[in-house]
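Written out below as structure tokens is the structure these notes cover.
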Amino acid sequence: MEGFKTRVESWDDFSPLKHVIVGRADHTCIPPSEPATEAKVPEDSDMRGMWGPRPLETVEKANLQLDHLANLLEKRGIQVDRPTPLQWNQAVITPDFSTGSMFGCMPPRDVLLTVGKEILSAAMSFRCRFWEYLAYHGLMQRYFDEDPDFRWEQAPRPRLTEDSYKQGYFDEITIEERLKRTAELNFVTTEDEPLFDAADVMRIGKDLFCQHGLTTNRRGMEWLQRHFPNHRVHSVNFPGDPYPIHIDATFVPLRPGLIMNNPKRKLPETQRKIFEVNGWEIIDAAPPSHTQPPPLCYSSVWLSMNCLVIDPKTVCVEASEVNQMEQLDKLGMEVIPVPFRDAYPFGGGLHCATADVRREGSCEDLFPKQVEGTRIRPIN
Ligand code: GLY
């Protein structure tokens, strides 16, 4: 590979994938309630009030599916690395807060944001996820040693004091109220300090589209804009989502010029302009094949659209999501069915469970016509 064992470089989610990290389920915990995770656990969820290590048989089943994904990618010539799980069932204690356990390392996408030759560990807005980047430390060290151009970066560590969260935000909150607050950009996280999760960022070359929601605040996006001065950072939000956490079951790019949008979480008109004036088509994703997520799962049934694009003509989709597979097949893509529902409760779908190390291509400008409406900085 051009003389180096590893070359880190990825600018988007659809160029041909060459090297990827696939998560592991070992030791994953359901973390205790904390100001931000109240947001994640739906009112009627079987996870309310439960916390601690997940049952071993479910961990084993999830790992089988994660290993299968890793093997499948390797067979297609893609280099695969795996994180080193910590014993997640340990308390997190900092000078500012403590919480009873950590979470896990099934979803590297939540933590690691690859932008060009850089991998940035996100701030993270859940207290239980404060140390999660450590599971990737060995890989980052290796990439650093093997690739002289690799930029190993870490966002400012947040303090996550009580000031980072609105007190009482979830007290007796209804779904209607949640939807109203999403539309009003009123989230549990305050603007006290920059906060973002990597999975709230959709990368398309020179443009980074960030979901403003429960896990990413405006200051987090401001920080990203200053950190990536050659990029254009945009703020997008999806008023139909009562739990707006992570963009990849809501707004998923498939290839240059084409994005799938969750039909229950439409991008508002004012924010569509940047796509329209640049000739991008936004299509509704197909309906999920399930009416419920699997037991003890944080995510919604819309993990159906959380697919892993391997190149603009090839995509991995969860094997039972027949509607989603059919839609992508009709769009001319080779669809690879991947059984993954046993892994969902550990942190999400096929996109969540992976993080890019390298894709082909360079930093393209796919939105040469910029308009007001989404940009973090006004257009000069
Ligand atoms: N935000 C992930 C989901 O829809 O489940």
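On a predicted model such as this, the values are computed, not experimentally measured, just so you know. Order of appearance sets the numbers: ligands from 1, and atoms from 1 within every ligand.
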Do the side chains of Gln370 and Ile274 get nearer than 4.5 Å, heavy atoms only? yes
What do you reckon, does Arg265 have a nitrogen or oxygen under 3.5 Å from a nitrogen or oxygen of ligand 1? yes
So Trp223 and Phe196, would you call those rings parallel, tilted or perpendicular, with 30° and 60° as cut-offs? parallel
Asp241-ligand 1 polar pair, N/O distance under 3.5 Å: no
Numbered atoms and elements of ligand 1 in range of Ser299, under 4.0 angstrom, heavy atoms: 5 (O)
Could a heavy atom of Gln211 be found less than 4.0 Å from some atom of ligand 1? no
Heavy atoms from other residues, nucleotides or ligands near CZ of Arg142 exceed 12 (cutoff 6.0 Å): yes
Mark up the atoms of ligand 1 that fall under 4.0 Å of a heavy atom belonging to Ala249, in ascending order. 2 (C), 3 (C), 4 (O)
Just jot down the ligand 1 atoms closer than 4.0 angstrom to any heavy atom of Ile245, in number order. 1 (N), 2 (C)
Check this for me: does any side-chain nitrogen of one of Lys61 and Glu57 sit under 4.0 Å from a carboxylate oxygen of the other? no
When you measure from the side chain of Tyr133 to the backbone of Leu112, do you find a donor-acceptor pair of N or O atoms at a distance under 3.5 Å? no
